[in-house]
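A quick write-up on the structure given underneath.
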Amino acid sequence: MPETIITSFAQHFVGGFIAAVIGFIAGIITLRTIYSRQRSGALTAAQEIIHRAEQDAETKIREAEIKIKEKTIQIKEKNEEEFRNTRQELHNRERSLDKRQDTLDKQADDQRKQEKIVENNQRKLTERIAEVNRRTDELADLLEKQRSALHDISGLSLEEAVRRLLKLLEDDLQQETGALVVKYERQLKEQSEVLSKNILLASMQRYAAAHTAESTTSTVDIPSDEMKGRIIGREGRNIRTFEKITGVEIIIDDTPGVVIVSCFDPVRREVARLSLTRLITDGRIHPARIEEIVAETNKDIQNIMQRTGAEACQELDIFGLNERLVHLLGRLHFRTSFSQNVLRHSIEVAFISGLIAVELGLNVKLARRCGLLHDIGKAADHEIEGGHPKIGADILKRYGEPQEVIHAALGHHDDAKVENPYTVIVAIADACSASRPGARRESLENYVKRMEELEAIANEFTGVEQSFAVQAGREMRIMVNAEKVTDEAAAKVCRDIAKALTERVQFPGEIKVTVIREVHFSETAK
């Protein structure tokens with residue numbers, strides 16, 4: 001029984017082993033079949049890839065060949081173009097060389113002709129030199145004979161005769177030279193005077209403006225004398241409030257229908273006049289209303305000054321001024337000098353300066369700018385100590401004006417050294433505008449009286465011999481006795497006279513005082 005089981009087990013084992021071997025062999029065969037198929041497919045794919053690659057390579061080779069052919073054609077065309085240009089250039093150069101050769105040939109012919117002419121001239125010159133030398137020798141012999149004859153007659157040596165002759169020639173030349181210098185100096189002076197007069201006359205003729213005449217008082221019309229009481233108010237509170245706010249003096253007298261506003265400051269006087277006119281029109285006159293009206297009027301006056309300054313700049317075609325300078329120009333509209341409106345005077349000076357600059361070939365706009373701003377210091381001389389030229393120059397320097405404009409404002413009254421022609425032009429235009437007939441409303445009697453007053457004050461001081469008021473009273477020139485007054489005393493006299501004029505005389509601007517001390521020496525020749 002056990003043997004049967006073992007035999008059966010052996011048979012099953014052998015059968016299973018054989019089946020496994022057969023299965024293994026079948027698997028190997030299957031795998032080889034699959035591998036063979038995959039290899040065949042891979043080979044087919046590889047051949048297809050190689051075929052496509054070959055086709056792409058052939059395509060790229062053809063494209064490269066086409067590009068190479070196109071490039072070759074372009075290079076060939078470029079080379080042909082360069083060749084044509086080179087050939088044309090060579091052709092042009094050849095033509096130029098031909099022309100130059102023709103020119104050289106012509107010049108060579110001309111040179112040969114010139115050489116022949118030069119040879120002829122040289123031959124003639126040689127002959128003439130020989131002739132001149134011969135005549136020179138004859139002249140020398142003749143001069144020697146004459147010199148010997150003169151020496152025998154005069155008894156002078158050669159050196160002494162030459163010295164006397166040169167002295168006579170020198171004296172004659174000095175006299176003739178001096179006469180010519182005097183002659184031409186006189187002619188130049190006459191011509192310069194005529195030219196300067198023509199320039200000034202042309203400038204003044206082409207521009208002449210009227211000036212409004214004002215004084216230190218303004219009048220306000222009232223509907224009835226009853227209004228005077230309302231202006232004064234209960235116990236005078238209205239008039240005191242008005243005078244305190246505006247800084248003016250209200251004069252109410254027996255004159256019917258008129259109230260007088262008095263103030264040295266024209267701006268404050270105008271503010272007060274307009275404010276009083278508005279209060280009279282409104283009818284409500286009390287301290288609160290006065291403060292309100294004066295504030296509004298002051299604001300309106302400031303706007304008027306700004307607008308007036310801008311209009312003056314526009315009239316003269318001047319732009320780029322600082323707003324503060326424009327405002328100060330408008331302030332000059334309310335300022336007068338000898339009844340001459342300062343703003344209109346400045347505009348007239350600007351126009352005359354421009355006309356003179358045209359005649360002299362200078363910058364017209366710069367000349368007008370100098371003329372317009374030359375009296376800008378008068379808009380602030382009540383607020384700042386000093387004369388208006390110095391004040392104006394400081395203001396212009398502060399607001400960045402050109403140096404020519406600053407110096408014109410500083411030196412238009414001959415107070416500074418002249419550094420440019422515009423200062424002289426403005427000084428001339430200022431004198432023309434101020435002194436022409438009708439510009440300033442001052443009678444001859446008052447003018448003479450003021451000049452005599454200035455000279456009388458100067459003559460009061462010890463050592464003063466003569467005094468002269470010049471430039472319309474803007475300058476005093478005093479002659480002192482050199483024996484009674486020393487240099488140190490002359491300086492003190494000058495300072496004392498200036499101080500006395502400041503304290504005793506009312507005048508616009510400033511007065512320059514110059515003391516002159518001359519020393520003379522004389523001797524008698526016996």
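None of the values given here were measured: they were computed from a predicted structure. Computed from heavy atoms alone, side chains included, the values below leave out hydrogens, waters and symmetry copies.
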Is the closest side-chain heavy-atom distance between F242 and P287 below 4.5 Å?
no

Which distance, rounded to the nearest 0.5 Å, do you find between the CZ of F24 and the CG of L31?
9.0 Å

Give a yes or no on whether a salt bridge exists between R368 and D317, defined as a side-chain N under 4.0 angstrom from a carboxylate O.
no

Quick one: CG on L90 to CD on E94, what's the gap to the nearest 0.5 Å?
8.5 Å

Inter-residue atom distance L325.CG - N322.CG, 0.5 Å rounding
5.0 Å

If the threshold is 4.0 Å, N to carboxylate O, is there a salt bridge linking E48 and R52?
yes

Under a 4.0 Å threshold between the charged nitrogen and the carboxylate oxygen, would D98 count as salt-bridged to R95?
no

For residues Q101 and D105, is any side-chain donor paired with an opposing acceptor at under 3.5 Å?
yes

Any salt bridge linking R289 with E292? Criterion: basic side-chain nitrogen under 4.0 Å from a carboxylate oxygen.
yes

Is any side-chain heavy atom of I293 closer than 4.5 Å to one of E296?
yes

After noting the C-alpha distance and the side-chain angles of C370 and T423, does the key distance pass the side chain to side chain contact (heavy atoms under 4.5 Å, CB included) rule?
CA-CA 8 Å; C370 295; T423 304; over 6 Å; no

Charged N to carboxylate O below 4.0 Å: is that the case for R344 and E315?
yes

Between E243 and I250, what is the shortest heavy-atom contact and its length?
OE2-N, 2.9 Å

Side-chain donor or acceptor of N363 paired with backbone N/O of L366 under 3.5 Å
yes

Look only at the side chain of N298 and the backbone of V294, and say whether a donor-acceptor pair between them is shorter than 3.5 Å.
no

Nearest heavy atoms of V513 and C494, plus distance in Å:
O-SG, 3.4 Å

Check: D430 and I352 side chains under 4.5 Å, non-hydrogen atoms:
no

Give the C-alpha distance, both sets of side-chain angles, the deciding distance and a yes or no for salt bridge (Lys or Arg N to Asp or Glu O under 4.0 Å) between R84 and E81.
CA-CA 5 Å; R84 285 195 299 270; E81 181 67 23; 2.3 Å; yes

Is the closest side-chain heavy-atom distance between S96 and N92 below 4.5 Å?
no

Modelled atom types, side-chain donor and acceptor of H51 and Q55, under 3.5 Å:
yes

Is it true that atom CD of Q314 has more than 12 heavy atoms of other residues, nucleotides or ligands lying nearer than 6.0 Å?
no

Carboxylate-amine/guanidinium contact E89 R93, below 4.0 Å
yes

Take atom CZ in F319; do more than 12 heavy atoms of anything else shown fall under 6.0 Å from it?
yes

Do L396 and P402 have side chains that approach each other closer than 4.5 Å (heavy atoms only, starting at C-beta)?
no

Between E70 and K67 (salt bridge meaning N to carboxylate O under 4.0 Å), is one present in this structure?
no

Looking at every non-hydrogen atom in both residues, tell me the closest pair between N238 and G233 and how far apart they are.
ND2-CA, 3.4 Å

With a 6.0 Å cut-off on the ring centroids, do H345 and H374 count as close?
yes

Is the closest side-chain heavy-atom distance between Q306 and E323 below 4.5 Å?
yes

Kindly indicate, with the supporting measurements, whether the criterion side chain to side chain contact (heavy atoms under 4.5 Å, CB included) is fulfilled by L332 and S346.
CA-CA 9 Å; L332 291 178; S346 299; 4.1 Å; yes

Do E404 and R369 make a side-chain contact, defined as non-hydrogen atoms from C-beta onward lying under 4.5 Å apart?
no

Less than 4.0 Å between a side-chain N and a carboxylate O, is that true for D300 and R278?
yes

Dump the intermediate steps for side chain to side chain contact (heavy atoms under 4.5 Å, CB included) on M305 and V267, then the final yes or no.
CA-CA 9 Å; M305 287 191 292; V267 176; 4.3 Å; yes

Ion pair present between E65 and R62, side-chain N to carboxylate O less than 4.0 angstrom?
no

Does R240 come within less than 4.0 Å of E235, counting only side-chain N to carboxylate O?
no

Could you walk me through whether R123 and N120 satisfy the side chain to side chain contact (heavy atoms under 4.5 Å, CB included) test, starting with their C-alpha distance in whole Å, then the side-chain angles of each, then the deciding distance to 0.1 Å, before giving a yes or no?
CA-CA 5 Å; R123 179 175 51 79; N120 294 330; 3.9 Å; yes

For L279 and R284, work out which heavy atoms get closest and say how close.
CD2-O, 3.8 Å

When rounded to the nearest 0.5 angstrom, what distance separates CD in E80 from CZ in R87?
10.0 Å

Would you call R398 and D394 a salt bridge, using N to O less than 4.0 angstrom?
no

Which atoms form the tightest heavy-atom contact between A408 and Y422, and what is the distance?
CB-O, 4.4 Å

Test item: Q107 and L104 side chains (from C-beta on) under 4.5 Å apart, heavy atoms:
yes

Is there a donor in the side chain of T308 and an acceptor in the side chain of H333, or the other way round, less than 3.5 Å apart?
no

Separation between CD1 of I285 and CD1 of I232, rounded to the nearest 0.5 Å:
11.0 Å

For L329 and L343, the nearest pair of non-hydrogen atoms, with its separation, is O-CD1, 3.5 Å

Distance (rounded to the nearest 0.5 Å) between D56 CG and E63 CD:
9.5 Å

